[in-house]
Amino acid sequence: MAKRAAKATATGKTPSGEKTPSGEKTPRAVTSGSVSGTAGDPADGPPSAASLWREARNGAARARLEKSLPAVFPAPVLRHALSRPLVPPTPRLAVESYWRHHILRADRLARALAAQSGQPEGWTWRLGTWRLGTWRPDPRRPAPLRLGAAGADLGTEDAEAGLAFSFRMPPAPFREAPYARGKGHCCVCGQPVYRFGWHRDLWGAGAPNRNASWHAACVAAWKLWTGPSDHVKVLKRRQRHRCAQSGKRLLRSAEVDHRVPLYRIWREERARPWPELLGYWGLPNLQVVNRAIHADKCAVEAGERASVRRSGRDGAPPA
């Protein structure tokens, strides 16, 4: 060791990372390209064709977005758009991407907008008894004739247009022909739709967009309500990856479940006001549980439904 130190002192060099006779530590050697990203590091070699394509594509998308961007635009949406791996090239696509990646926020907003609209007068939650091209009246559940907005008789088939065929679909009165508000109003919540599918008139237009019939947020919320399993990762993260029933860590096979089963909503809660009903499809009634717990819960519910059917007290149609 003494010979190495004497040699280093004589030559003015020290091994990287060792102390000099004065007690100072020399920095370790830095390979060419490890800081500046030059080709010296094999991991930072020439950019791939995919990287070049993405860079060119995003440059063109940003230019197109800036060109079509209005003077007033939601700042959170713009920040989200510019941070995406693939930048949306139009303001409307930026709005849709924002709500698609903030699904829980979209759920809360859609239910709040529905509360502003309220339940249409004369509307009750009911299910359709026909399918396009194969309509046959169900003698057990006769569908009454309904009147349109102008008072005209819509007929049985037209009156049932827009009705769901299962209670697993959330009730949507503004999708039904007698209560539809037409273009410029959302068919999910009933509120006016403005530019880019936004829910507020940020541009002072004073009138809704007649070419639109849904909010971008309501579309995202509807996808959560009808397919909650597609958003299991978001729901897991909200629960801090803990099972809602056992408190144990969620496994990869964990599944989304409705706390209150939907058949009980149809059987026992259908008289509730429409905006309150939406909560049973939204976040307040959703939970992620491990598969074994979900299987046990489903078995108990199946036994309950079977006993109700045997007793003849089940007023719900088949799912």
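Residues V288 and C243 are not in side-chain contact: their nearest non-hydrogen atoms beyond the backbone lie 4.5 Å or more apart. Using a 4.5 Å cut-off on side-chain heavy atoms (C-beta onward), P170 and T226 make contact. Proximity of F196 to V77: side-chain heavy atoms (C-beta onward) are nowhere separated by under 4.5 Å.
Transitive grouping of hydrophobic side chains (ILVMFWY, heavy atoms separated by less than 4.5 Å) brings W198 and L78 into a common cluster. Taking hydrophobic clusters as Ile, Leu, Val, Met, Phe, Trp and Tyr residues chained together by side-chain heavy-atom distances below 4.5 Å, L109 does not share a cluster with V219. In the hydrophobic cluster analysis, where Ile, Leu, Val, Met, Phe, Trp and Tyr join through side-chain heavy atoms closer than 4.5 angstrom, F73 is grouped together with L65. One hydrophobic cluster, built from ILVMFWY side chains closer than 4.5 Å, cannot hold both W274 and L113; they sit in different ones. When hydrophobic clusters are built by joining Ile, Leu, Val, Met, Phe, Trp and Tyr residues whose side-chain heavy atoms come closer than 4.5 Å, directly or via intermediates, L104 is not grouped with V95.
Rounded to the nearest 0.5 Å, atoms CD (E269) and CD (E276) are 9.5 Å apart. Separating the SG atom in C187 from the NE2 atom in H185 is a distance of 12.5 Å, to the nearest 0.5 Å.
For E304, the salt bridge (Lys or Arg N to Asp or Glu O under 4.0 Å) partners two or more places apart in sequence, or in a different chain, are R267. Listed by chain and residue number, nothing satisfies the ring pair (Phe, Tyr, Trp, His ring centres under 6.0 Å) test with W53 (two or more places apart in sequence, or in another chain). Residues passing the side chain to side chain contact (heavy atoms under 4.5 Å, CB included) test with D201 are Y194, W203, A205, sequence neighbours excluded. Judged as a side chain to side chain donor-acceptor pair (under 3.5 Å), and not counting sequence neighbours, the contacts of Y280 are R272. Applying the salt bridge (Lys or Arg N to Asp or Glu O under 4.0 Å) test to R264 and every residue at least two apart in sequence or in another chain returns E268. By the side chain to side chain donor-acceptor pair (under 3.5 Å) test, W99 pairs with no residue at all, sequence neighbours left out.
A pairwise comparison of heavy atoms in F174 and C186 identifies CB-O, 4.1 Å as the closest pair. Contact between M169 and A164 at its shortest, heavy atoms only, is CB-CB, 3.6 Å. Listed here is the closest heavy atom pair of I265 and L277: CG2-CD2, 4.2 Å. Across all their heavy atoms, W281 and R168 have their closest contact at NE1-O, 3.0 Å. Pairing each heavy atom of G128 with each of F165, the nearest pair is O-CD2, 3.8 Å. When all heavy atoms of P275 and A114 are compared, the pair lying nearest together is CG-O, 3.7 Å.
Applying the side-chain hydrogen bond (donor to acceptor under 3.5 Å, both in side chains) test to pairs two or more places apart or on separate chains, those with a residue in residues 70-85 are H80-S97, R84-H101. Within the structure, every pair that satisfies the side-chain hydrogen bond (donor to acceptor under 3.5 Å, both in side chains) test and touches residues 102-120, not counting sequence neighbours, is listed here: Y98-R105, D107-R111, D107-W225, S117-Q191. Pairs passing the side-chain hydrogen bond (donor to acceptor under 3.5 Å, both in side chains) check and including a residue from residues 59-69, sequence neighbours excluded, do not occur.
Of the possible polar contacts, none joining the R305 side chain to the E301 backbone as a donor-acceptor pair under 3.5 Å is found. Side chain of N285 to main chain of G279: no donor-acceptor pair is present (N/O by atom type, distance under 3.5 Å, no hydrogens or angles). Between the side chain of R270 and the main chain of W125, no donor-acceptor pair closer than 3.5 Å is present. Not a single donor-acceptor pair under 3.5 Å links the side chain of D230 to the backbone N or O of L224.
Residue V193 shares its hydrophobic cluster (ILVMFWY side chains chained together at separations under 4.5 Å) with no other residue.
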Anything under 3.5 Å between a donor and an acceptor, one on a side chain of residues 249-261, the other on a protein residue two or more places apart or in another chain? List them.
| unit_1 | atom_1 | unit_2 | atom_2 | d |
| --- | --- | --- | --- | --- |
| E255 | OE1 | H294 | ND1 | 2.6 |
| E255 | OE2 | R291 | NE | 3.1 |
| D257 | OD1 | H294 | NE2 | 3.3 |
| D257 | OD1 | K297 | NZ | 3.4 |
| D257 | OD2 | Q287 | NE2 | 2.8 |
| D257 | OD2 | K297 | NZ | 3.1 |
| R259 | NH1 | P284 | O | 3.3 |
| R259 | NH1 | L286 | O | 2.8 |

Side chains of residues 209-218: which donor-acceptor pairs under 3.5 Å do they make with residues two or more places apart or in other chains?
| unit_1 | atom_1 | unit_2 | atom_2 | d |
| --- | --- | --- | --- | --- |
| N209 | OD1 | N211 | N | 3.1 |
| R210 | NH1 | K183 | O | 3.2 |
| H215 | NE2 | P192 | O | 2.7 |

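No more than 12 heavy atoms of other residues, nucleotides or ligands lie within 6.0 Å of CZ in R200, so this atom counts as exposed by the packing criterion.
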When you look at L235 and L283, which way does the side chain to side chain contact (heavy atoms under 4.5 Å, CB included) test go after all the steps? CA-CA 9 Å; L235 296 172; L283 186 61; 3.8 Å; yes
